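Treat the numbers as computed from the prediction; the structure is a model and nothing was measured. Quick note: residue numbers are just sequence positions, from 1.
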Amino acid sequence: FLYEGLGPNGRRLWLESTVVLLFDDQGRAIGTQSADRDITQRKLAEDAILTEKAFSEALLDSLPGIFFLFDQTGRFLRWNRALEAVSGYSSPEIAAMHPLAFITAMDRGSVAETIQRVFEHGFADVEAALAVKDGEQIPYYFTGARFIVDGAPCCIGTGIDVTARKVLEAELR
């Protein structure tokens, strides 16, 4: 078990304790033996990782648009809550979807080419209609960059709703 204690200098320590029950020749418990190991550095590293993870999730969820990360097979590795909110799909649904499933049939070819450019050249962008669960089509501007995860190339990117810009452009015409 783990517990927190104080070291000789008053410094807080994390200790891992192992307790072994001792038996005599007849199988009767006659005592215990324990050993403690200082795991403070490991605990501090774990806490730092958890803090960084919470920061990353808060950052991604605070973005004004959608965020996504998927591998070359199209398997989503990460996304933010905005993708769920905008698309209407739940987290388990998104995990099972291919990125092109979010794109209207009319724009799917150009987006597929853009994704290919990301993997080949490192960066690409495209405007395309996001197809949401309820059938609505929302104009979006997507950016993607090649990003290596566990030694494999992935596409990391964002998308922002450009509906207001499209409306203004139409009014100006």
Side-chain ion pair, E84 and K133, N-O less than 4.0 Å:
no

Non-hydrogen atoms of N80 and G65 that approach each other most closely:
ND2-O, 3.0 Å

Would you please indicate yes or no on a ring centroid separation below 6.0 angstrom for F76 and F102?
yes

What are the two closest heavy atoms between V126 and S110, and how far apart are they?
CG2-OG, 4.2 Å

Verify, without hydrogens or angle tests, whether T40 (side chain) and W14 (backbone) share a donor-acceptor contact under 3.5 angstrom.
yes

For D36 and S17, test the side chains for any donor-to-acceptor distance below 3.5 angstrom and give the result as yes or no.
yes

Between the side chain of R108 and the main-chain N/O of I103, is any donor-acceptor distance below 3.5 Å?
yes

Hey, what else clusters with L21 if you join Ile, Leu, Val, Met, Phe, Trp, Tyr whenever side-chain heavy atoms sit under 4.5 Å?
F23

Hey, quick one: are Y140 and L100 part of the same hydrophobic cluster, counting side-chain heavy atoms closer than 4.5 Å, chains of contacts allowed?
yes

Residue pair Q72 / P153, side-chain heavy-atom distance below 4.5 Å
yes

State the CG-CD distance between L13 and Q41, to the nearest 0.5 angstrom.
10.0 Å

Check whether more than 12 heavy atoms from other residues, nucleotides or ligands sit under 6.0 Å from atom CG of D25, and answer yes or no.
no

Could you give the distance from CG (L172) to CD (E169), rounded to the nearest 0.5 Å?
8.0 Å

Taking all heavy atoms of Q137 and all of A129, pick out the closest pair and write down the distance.
CB-CB, 4.3 Å

Looking only at heavy atoms, what is the nearest atom pair of I138 and T163, with distance?
CG2-OG1, 3.7 Å

Counting C-beta onward and ignoring hydrogens, is there a side-chain heavy-atom pair between R37 and R42 closer than 4.5 Å?
yes

Under 4.5 Å between side-chain heavy atoms, counting indirect links through other Ile/Leu/Val/Met/Phe/Trp/Tyr residues: same cluster for L83 and I160 or not?
no

For E113, check side chain to side chain donor-acceptor pair (under 3.5 Å) against everything at least two apart and list the hits.
none

Following the transitive rule for hydrophobic clusters with a side-chain heavy-atom cut-off under 4.5 Å over Ile, Leu, Val, Met, Phe, Trp and Tyr, establish whether M97 and L130 coincide in one cluster.
yes

Taking every non-hydrogen atom, the tightest pair across S87 and I94:
OG-CD1, 4.3 Å

Indicate yes or no for a side-chain donor-acceptor contact from E57 to the backbone of A54 under 3.5 Å, with no hydrogens or angles considered.
no

Other than L63, what residues sit in its cluster of Ile, Leu, Val, Met, Phe, Trp and Tyr side chains whose heavy atoms are under 4.5 Å apart, directly or through others?
L60, F67, L69, L77, F147, V149, I156

If Ile, Leu, Val, Met, Phe, Trp and Tyr residues are connected whenever their side-chain heavy atoms lie under 4.5 Å apart, and connections chain through other members, are F142 and V132 in the same group?
yes

Between C155 and G144, the two heavy atoms sitting closest are SG-CA, 4.1 Å

K166/E171 under salt bridge (charged side-chain N to carboxylate O under 4.0 Å, His left out): CA gap, chis, key distance, verdict
CA-CA 9 Å; K166 294 283 191 184; E171 288 174 1; over 6 Å; no

Can you find a pair of side-chain heavy atoms, one from T18 and one from F1, that are under 4.5 Å apart?
no

Should W79 and V118 be counted in the same cluster of Ile, Leu, Val, Met, Phe, Trp and Tyr side chains packed under 4.5 Å apart?
no

What do you reckon, is CZ of R117 surrounded by more than 12 foreign heavy atoms closer than 6.0 Å?
yes

Is it true that, when you exclude D24 itself, more than 12 heavy atoms of the residues, nucleotides or ligands shown sit nearer than 6.0 Å to its CG?
yes

Find out whether L15 and I39 are in side-chain contact, i.e. whether some heavy atom of one side chain is under 4.5 Å from a heavy atom of the other.
no

Could K43 and E16 be called an ion pair, given the rule that one side-chain N must be under 4.0 Å from one carboxylate O?
no

Separation of Q116 CD from E120 CD (nearest 0.5 Å)
4.0 Å

